[in-house]
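First the structure, in the form of structure tokens, and then the observations on it.
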Amino acid sequence: MGARYSSTTPVTLADGWSLRRLTAPSRLFGANGLRTGPDGRVYVAQVAGSQISALDVTTGDLETVSAKGSDIIAPDDLAFDPGGNLIATEYMDARVSVRNTDGSTRVIRADLPGANGITVHNGRLFVNECRIGGRLMELPLDGSAPRILQDNLVMPNAMEVGPDGLLYYPVMGSNDIWRIDPDGGEPERVAGDLGTPDSVKFDSAGRIVSTQVATGEVLRIDPRTGERRVLAQLAPGLDNCTFVGDRLFVSNFCGEITEILSDGATKTVLDGGLMWPLDLTVDAEGNLYVADGTFFYVLRDGELRVVASLFSAGTPGYVRGVSAVGPGEFLCATSGGQIAYYRLHPEPETEVVAEGFDQLYGIAATPDRAIVAAELGTGRVLSVRAGGADVLASGLRDPMGVAFGPDGTTLVSESGAGRVVSIGSRVGTVVDGLNTPQGILVRGNRLLIVDVGLNALIGVDLVTGERETIAADLPLGAPPGVVPKPLLGTPPFSGPMGPFAGIAAGPDGTIYLSADAEGSVLALRYTE
């Protein structure tokens, strides 16, 4: 029970078209911080979806506690105060907010960049900033000035006070775990040479349990002796953990919640899936690749397989726009403002072409590798070259998708203006009367447009101008009535984050769509 998106309106298709889901809809927008609530449910923070859900680990039922579009934005970690009020760090907005038991919310502080790890001990609130130069602090609940326990940390994360009364916290950038007296004093290193620890909790025997984001290990460490044991080996991307009694649960960026059993076995409590998805691309062999922000996947034999992540070797980072340009080679636009080639062989590597851009989205390359990209933050379309870019067009309202017409003309979806334009000596309207066009694709003389405002895939004949709605009532964009608040981003992980419903085509004519409302990939085919 419970999902991030539901609709009672079925998808409708034009004559001759068929549709199938290649991946199951996601129940969460990824899974980040975990905290067991006073009611025994596991509360799940979801940065990408600005949502907090409560999971009953016995029945699998999910309840949305703070929905997308609500006051809490990009929650990353959670804690409860003695009164049962839920406190969340808002990673992208540099805030810490409290959601009271009556459903009202208030901001405690709004000047904590990278606010992430959080815990409450004896009614006292402790928060850290997961960034380079981050601080560890006690934060008065009345919103007054924080008391700094330590600063200049390299990406601290989810933390907990141990049975000895000391505050334990992982530091991802130095790959170790530390502790400090909550009343002040010198910090002490507890364990090092880990797998990039991003959480610390304690079991009933007073031992540390810590997830390792880079290696996927769940470690148990005795802080008294230093003895350590691998409790489970899972996929990289682990984010946090929590106990329900003696039962241990861990989260993964993909939205999977896993129980770690006492004999070392694991049990999936909640299946993972896609956080968005964003752009799509198909290589010459017909393999479909999915940019999902934190992860870059290939979809093969009905299974999503990780090609790269934020923490893998040679990673391009948080990929938003992508285009296959050769065997095992991809042109990527990242949310950190970089345009880069990502190559899988002989070893994964990223070659940055140019950087410093403001909210890149669609990207495409001609056969001779001339690069064109849409820069939403400045309203520009760019011709990108090594070390910089030339401006092809400016003054556009939220340009997003990029494609090339049959004659090589650059086409761009101007999502804020509800149209698709051509870029030449001047900007010309190709298709207007749209709502929020995002991904675009040209097949022969036909332009295909993903319009998230209309929840539709639209086909336009570029010669006659004839227009057809190929599919309507698609699971695209935000739920009805919801206006998502912008995700501002936090370097070095990402710049501003936003949705982008991509489109791609296989060599057999199959059309692939990012169904970002429900977190799935759709395949459409013309069968007549």
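Computed from heavy atoms alone, side chains included, the values below leave out hydrogens, waters and symmetry copies.
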Q. Between CH2 of Trp17 and CD of Glu468, what distance do you get to the nearest 0.5 Å?
A. 7.5 Å

Q) Is a side-chain donor-acceptor pair under 3.5 Å present for Arg525 with Thr510? A) yes

Q) Under 3.5 Å, is there a donor-acceptor pair linking the side chains of Asn32 and Asp239? A) yes

Q) Under 3.5 Å, is there a donor-acceptor pair linking the side chains of Thr366 and Asp368? A) yes

Q. Judged by modelled atom types alone, do Ser97 and Glu90 share a side-chain donor-acceptor pair under 3.5 Å?
A. yes

Q: Report the distance from atom CG of Asp151 to atom CE of Met137, rounding to the nearest 0.5 Å.
A: 9.5 Å

Q) Got a second to check how far Leu376's CG is from Ser415's OG, nearest 0.5 Å? A) 6.0 Å

Q: Could you tell me whether Arg397 and Glu414 make a salt bridge, using a distance below 4.0 angstrom between a side-chain N and a carboxylate O?
A: no

Q | Step-by-step side-chain contact (heavy atoms from CB on, under 4.5 Å) determination, Asp279 to Thr281 | A | CA-CA 7 Å; Asp279 206 3; Thr281 191; over 6 Å; no

Q) Side-chain donor-acceptor pair under 3.5 Å between Asp198 and Thr211, yes or no? A) yes

Q) Between the side chains of Arg320 and Ser335, does any donor sit under 3.5 Å from an acceptor? A) no

Q.
For the residue pair Arg4 and Phe29, would you count it as a cation-pi contact if the rule is NZ or CZ under 6.0 angstrom from the ring centre and within 45 degrees of the ring axis?
A. yes

Q: Measure the acute angle between the ring planes of Phe330 and Phe296, then classify it against the limits of 30° and 60° as parallel, tilted or perpendicular.
A: perpendicular

Q. Once you round to the nearest 0.5 Å, how far does CD1 of Ile470 lie from CG of Leu448?
A. 5.0 Å

Q | Modelled atom types, side-chain donor and acceptor of Gln46 and Ser53, under 3.5 Å | A | yes

